[in-house]
2 protein chains.
Amino acid sequence: MQVTRQCEHCQHKLCAKRVPIFSAMSTEEINEITDLIIRKSYVKGEAIVTEGETIDRLVIINSGKAKGCKYSIDGKEQILYLYSDGDFFGERNLLTNLKASYSIVALETVHVCMILKADIRQLIKNHPEIGLKIMEELTMKLERLENTIEQMGTRTVEIRVIGALLEFADKFGREKEAGTMVALPLSREGIASYIGVTRETVSRSMNALDEEGLIQIIGNKKIYIENIGALRNRFSKT
Amino acid sequence: MQVTRQCEHCQHKLCAKRVPIFSAMSTEEINEITDLIIRKSYVKGEAIVTEGETIDRLVIINSGKAKGCKYSIDGKEQILYLYSDGDFFGERNLLTNLKASYSIVALETVHVCMILKADIRQLIKNHPEIGLKIMEELTMKLERLENTIEQMGTRTVEIRVIGALLEFADKFGREKEAGTMVALPLSREGIASYIGVTRETVSRSMNALDEEGLIQIIGNKKIYIENIGALRNRFSKT
DNA sequence: CGAATATTTGATAGCCATCAATTATTGTGG
DNA sequence: CCACAATAATTGATGGCTATCAAATATTCG
């Protein structure tokens, strides 16, 4: 009889199974992976990876959220990625020995599962489809960055704010009777450094959207979107 | 005796050999690839790929330059990539059936070599290292886009202009006795849509750099950089 | 050389960054 | 559970940068 091993820090689920790149694998194969997993936790504000350091493992977020960000010489932060359950990073360094080109910082308590580079390489050798899955993920990341650049280069601030809110709604929104409740993963300042503007501008822009009735701001950490279609419409037609 | 087959449109060189992803292969293996190649040419302004269409092949630039760009609803262009000899695209669609998310347009006469998706997949199956090479290329593209986003989000226009000029110098510059002559791959307008500003702003910014003595503008299509170190210095310390 | 195209230059307006001060929210300890 | 301190967000005022528009000039290429 087949036994699925469990990862205690992962709410008794097989964390590897939740990762897209391992999703196509059999339970037996997943067990093989689970044995290789190293677990670790980080508190809010803690750096999981620091720009410039060598990273020798694939890191899978099991719970919590984290940001991937760069800092310019004068201290300005640019958030490039948002990570949550099932997301992973470090895949770039599986092949190369490049140093991390940005930092990963926990936005709240984060539990991760890690697999060492050497183990992952062996895994890819044994299961070539993992390599293809990773390639697919890289491709998706590329496409998101391409869209971000287009937005930063050609769209108004309002549209970029809406874009960020829609992304949050897709990732972290919960459908309610008559709308979507969204737990914002970032503060106003965070949203600002995600879309490349200032905190104050995000604030003003979100308030304008609220006054227009497109969103409802609830405290600092939530918004309620009654008609997400209207918001999407504004995003794609402006 | 081993014969290396020649690709007539490729100035009698083996174009596949010039592509990073095939660079590690033996002559025999390259011959295998060369047989699969389809050749085609495009004139300036012609679309090699149009956003939204299905792309079923890997396209390798053999000579000439091309831009990869998106267009917003109101017609604004955002240039994402610059392609020249040895660059390739279409790799994203090797695995997926996604439609092209941006267009590729010839900036001058372009000769390309193409390999059909099915052939490439077979090749990857036979030579797994090609897959790894593609992954490496994807990784490099990611890193460039990440840097672009950071620049767009946190740097001044002048720095972004310098960044573009330095990139052109690295790719298209020729070392002279006392400096670097750079053939600009893009017009002022092109540079503008590469860094997300207007033509006029690029013009003013480049003229300011000229007046400062950091570059010398030679007509519309060339610049001369006497002290590229000074330019790099300005880029990285501001 | 001359027409077509591209770039430069100037003037103006608007958007957004910045600075400063106020107000709101959050989370903690009593 | 409330109050309060710390943190975060808002709001207002101002200035600077860059988009926009318009016109003049320069460059390129046939």
Side-chain angles (χ1 to χ4, degrees), chain A residues 43-45 67 72 74-79 107-109 151-162 164-165 168 182-212 215-224 238, chain B residues 43-45 67 72 74-79 107-109 151-162 164-165 183-212 215-224 238:
Chain A
V43 299
K44 182 176 172 177
K67 65 183 175 184
S72 66
D74 54 343
K76 277 186 193 162
E77 178 189 77
Q78 177 66 44
I79 297 180
L107 290 169
E108 52 195 43
T109 298
Q151 280 187 40
M152 293 180 88
T154 68
R155 302 294 188 97
T156 64
V157 168
E158 187 185 78
I159 291 300
R160 286 190 269 159
V161 170
I162 293 177
L165 297 182
F168 299 157
V182 185
L184 300 175
L186 295 172
S187 65
R188 300 292 184 274
E189 181 145 33
I191 296 172
S193 88
Y194 192 48
I195 63 174
V197 295
T198 60
R199 178 179 66 233
E200 294 93 330
T201 298
V202 169
S203 192
R204 279 183 254 261
S205 188
M206 281 180 63
N207 286 330
L209 292 174
D210 188 318
E211 275 167 36
E212 257 198 277
I215 65 172
Q216 271 177 265
I217 296 173
I218 302 170
N220 291 343
K221 304 188 147 178
K222 280 189 291 192
I223 60 168
Y224 184 74
T238 318
Chain B
V43 299
K44 181 176 174 177
K67 63 182 175 185
S72 66
D74 54 342
K76 277 185 192 162
E77 179 190 76
Q78 177 65 45
I79 297 179
L107 290 168
E108 52 194 44
T109 298
Q151 280 186 41
M152 291 180 89
T154 68
R155 304 295 189 96
T156 63
V157 168
E158 187 186 81
I159 293 301
R160 287 189 268 159
V161 170
I162 293 177
L165 297 182
L184 300 175
L186 296 172
S187 65
R188 299 295 183 274
E189 181 145 33
I191 296 171
S193 86
Y194 193 47
I195 64 175
V197 294
T198 60
R199 175 179 70 234
E200 294 93 330
T201 298
V202 169
S203 191
R204 279 183 255 260
S205 189
M206 282 180 63
N207 286 331
L209 292 174
D210 188 318
E211 274 166 36
E212 255 197 278
I215 65 172
Q216 270 176 264
I217 296 173
I218 302 169
N220 293 344
K221 306 191 145 177
K222 280 189 291 192
I223 60 168
Y224 184 73
T238 318

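All chains are named by letter (A, B, ...) in the order of the sequence lines, taking the proteins before the strands, and each is independently numbered beginning at 1.
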In this structure, how many angstroms lie between the [atom2] atom of [N] and the [atom1] atom of [X], rounded?
X      : N      : atom1 : atom2 : result
A/I218 : C/dT26 : CD1   : P     : 11 Å
A/I223 : C/dT25 : CD1   : P     : 16 Å
B/L186 : C/dT5  : CG    : C1'   : 17 Å
B/E189 : D/dA19 : CD    : C1'   : 13 Å
A/D210 : D/dA9  : CG    : C1'   : 14 Å
B/K222 : C/dA6  : NZ    : C1'   : 17 Å
B/R155 : D/dT18 : CZ    : P     : 15 Å
A/R188 : C/dA24 : CZ    : P     : 14 Å

- Task: Mind checking B/V197 for me? I need base, sugar-phosphate or nothing, with any heavy atom below 4.0 Å counting as a touch.
- Result: sugar-phosphate

- What is the nucleic acid contact for A/T198, judged by heavy atoms within less than 4.0 Å: base, sugar-phosphate only, or nothing? base

Indicate whether OP1 or OP2 belonging to [N] is found under 4.0 Å from a side-chain N or O atom of [X].
X      : N      : value
B/R204 : C/dT8  : no
A/T201 : C/dA17 : yes
A/K221 : D/dT7  : no
B/N207 : C/dT9  : yes

- Message: Measuring only between side-chain heavy atoms, which start at C-beta, is A/I215 closer than 4.5 Å to A/Y224?
- Response: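 They are not in contact (no side-chain heavy atoms under 4.5 Å apart), so the answer is no.
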
- Report the C-alpha distance between A/E158 and A/E212 in whole Å, list the side-chain angles of each, state the deciding distance to 0.1 Å, and finish with yes or no for side chain to side chain contact (heavy atoms under 4.5 Å, CB included). CA-CA 12 Å; A/E158 187 185 78; A/E212 257 198 277; 4.0 Å; yes

- For B/E189, does the CD atom have more than 12 heavy-atom neighbours from other residues, nucleotides or ligands under 6.0 Å away? no

- Between A/N220 and B/G219, which is nearer to the 5' end of DNA chain C once each is assigned its nearest nucleotide?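 This one resolves to B/G219.
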
- Query: Want to settle it: does A/E200 or B/E200 sit nearer the 5' end of DNA chain D, counting the closest nucleotide to each?
  - Reply: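 Of the two residues, A/E200 wins.
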
- Item | Short side-chain to backbone donor-acceptor contact, A/N207 and A/S203, under 3.5 Å |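 Checking the backbone N and O of A/S203 against the side chain of A/N207, a donor-acceptor pair under 3.5 Å is found.
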
- Task: Mark yes or no for whether A/D210, through its side chain, and A/I217, through its backbone, hold a donor-acceptor pair below 3.5 Å.
- Result: yes

- Item | Candidates D/dG12, C/dT8, D/dA8 - which lies nearest the side chain of B/R199 | C/dT8

